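None of these values were measured; they are calculated from a predicted model.
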Amino acid sequence: MFESMVELFNEGKPVDLITLQDRLREKDVPPEVSSLEFVGELIAMVPTSANIRSYANIVREKAMLRKLIRANEFGAVTYSIHCAAS
């Protein structure tokens, strides 16, 4: 299947449900692999660059949360050191 996707890409054709299924059928790939349902499930599971902004927002939010956690941990350590010194 991957080989067929690369071929389509190299030919400048879109790699989507219809073109991939057609290419797989041309190659006599077994029906359980070339079926519309199977190919559709695979395509639906793979993230695409079409959602890159959403993915970037998730990464940015998680990075901010990590920074807040680190700042909180630093503050707790600093506070305990200050209290121990008093």
Using the side-chain hydrogen bond (donor to acceptor under 3.5 Å, both in side chains) criterion, which residues pair with D16? Sequence neighbours excluded. T19

Under a side-chain separation threshold of 4.5 Å, the hydrophobic residues clustered together with I69 are none

All pairs passing salt bridge (charged side-chain N to carboxylate O under 4.0 Å, His left out) where residues 54-82 contributes a residue, at least two apart: none

Give every donor-acceptor pair under 3.5 Å between a side-chain atom in residues 34-41 and any protein atom, sequence neighbours left out.
| from | atom 1 | to | atom 2 | distance (Å) |
| --- | --- | --- | --- | --- |
| S34 | OG | P30 | O | 3.4 |
| S35 | OG | F38 | N | 3.1 |

Donor-acceptor contacts under 3.5 Å from residues 3-11 side chains, at least two apart:
| from | atom 1 | to | atom 2 | distance (Å) |
| --- | --- | --- | --- | --- |
| E3 | OE2 | K27 | NZ | 3.1 |
| E7 | OE1 | R23 | NH1 | 3.1 |
| E7 | OE1 | K27 | NZ | 3.2 |
| E7 | OE2 | K27 | NZ | 2.9 |
| N10 | ND2 | V6 | O | 3.4 |
| E11 | OE1 | K13 | NZ | 3.4 |
| E11 | OE1 | R23 | NH2 | 2.8 |
| E11 | OE2 | R23 | NH1 | 3.2 |

Connecting only ILVMFWY residues whose side-chain heavy atoms lie within less than 4.5 Å of each other, what is the rest of V59's hydrophobic cluster? none

